[in-house]
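The structure appears below as structure tokens.
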Amino acid sequence: MFALTRSTIRVAIAGATAGLAAVALCLTASAGASAAPLATGGEAPSCVAYASGWRYTFVTNDCGSTQDVTVTYLDGTTVPCRSVAPGGTATFPGYGTGGNAVTGVALCTTSSP
């Protein structure tokens with residue numbers, strides 16, 4: 001019997017959502033400052049996991065409640081804060097071809113329009 005592991009699920013999500021991720025990134029870019037992180041609340045809980053590649057970083061919420069998260073990068077790049085429902089996944093930029101490592105996932109506060 002085929003056993004589903006976290007890494008198997010992440011690979012499946014990455015393959016299935018590559019096109020949707022590009023659309024999501026475009027929509028996020030057009031959302032403007034309203035989606036920018038307002039404040040950080042420290043490191044995300046251990047029930048929030050991420051898988052980073054050169055192009056995309058997928059953040060999965062395995063917690064029982066919605067988490068507002070952002071990805072942190074070695075060079076301090078900031079990306080918008082996203083609300084991720086339980087069992088949901090959010091897509092962020094990856095580390096890129098310049099080697100800008102993803103260092104983790106942080107809690108943040110999303111603004112209300």
Side-chain angles (χ1 to χ4, degrees):
M1 176 122 204
F2 180 69
L4 289 177
T5 64
R6 258 194 184 171
S7 39
T8 302
I9 292 170
R10 287 185 190 136
V11 169
I13 289 171
T17 61
L20 292 175
V23 171
L25 289 173
C26 290
L27 292 175
T28 299
S30 66
S34 66
L38 298 177
T40 58
E43 188 176 326
S46 61
C47 54
V48 175
Y50 73 95
S52 184
W54 75 270
R55 192 166 187 179
Y56 301 113
T57 298
F58 298 99
V59 176
T60 303
N61 178 7
D62 289 328
C63 303
S65 61
T66 298
Q67 301 292 316
D68 293 337
V69 295
T70 189
V71 175
T72 57
Y73 296 88
L74 186 62
D75 73 353
T77 298
T78 59
V79 293
C81 184
R82 304 246 180 91
S83 291
V84 185
T89 300
T91 305
F92 294 90
Y95 50 77
T97 57
N100 184 23
V102 174
T103 59
V105 179
L107 296 175
C108 55
T109 304
T110 57
S111 61
S112 299

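FYI, side chains are in, hydrogens and waters are out, and symmetry mates aren't considered; it's all heavy atoms of this structure. All of these numbers come straight from a predicted model, not from anything done at the bench.
In this structure, the side chain to side chain donor-acceptor pair (under 3.5 Å) partners of Ser65, at least two apart in sequence or on a different chain, are Gln67. Taking the side chain to side chain contact (heavy atoms under 4.5 Å, CB included) definition, one finds that Asn100 meets it with Tyr73, Leu74, Asp75, Thr77, sequence neighbours left out. Ser83 is linked by a side chain to side chain donor-acceptor pair (under 3.5 Å) to Asp68, counting only residues two or more places apart in sequence or in another chain. For Thr72, the side chain to side chain contact (heavy atoms under 4.5 Å, CB included) partners at least two apart in sequence or on another chain are Thr103, Ala106.
Looking only at side-chain heavy atoms (C-beta outward), Pro45 and Leu107 come within less than 4.5 Å of each other.
The shortest heavy-atom contact between Pro86 and Cys63 is CB-O, 3.3 Å. Considering every non-hydrogen atom in both Thr70 and Pro80, the closest pair reads OG1-O, 3.6 Å. Listed here is the closest heavy atom pair of Phe92 and Val69: CZ-O, 3.7 Å. The shortest non-hydrogen separation linking Cys81 to Thr110 is SG-CG2, 3.3 Å. For the pair Arg82 and Cys108, the tightest heavy-atom approach, listed with the atom from each and the gap, is N-SG, 4.4 Å. Across every non-hydrogen atom of Ser52 and Thr57, the tightest pair is OG-OG1, 3.1 Å.
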Handout entry: side-chain contact (heavy atoms from CB on, under 4.5 Å) between Tyr50 and Val102, worked out
Key = CA-CA 9 Å; Tyr50 73 95; Val102 174; 3.7 Å; yes
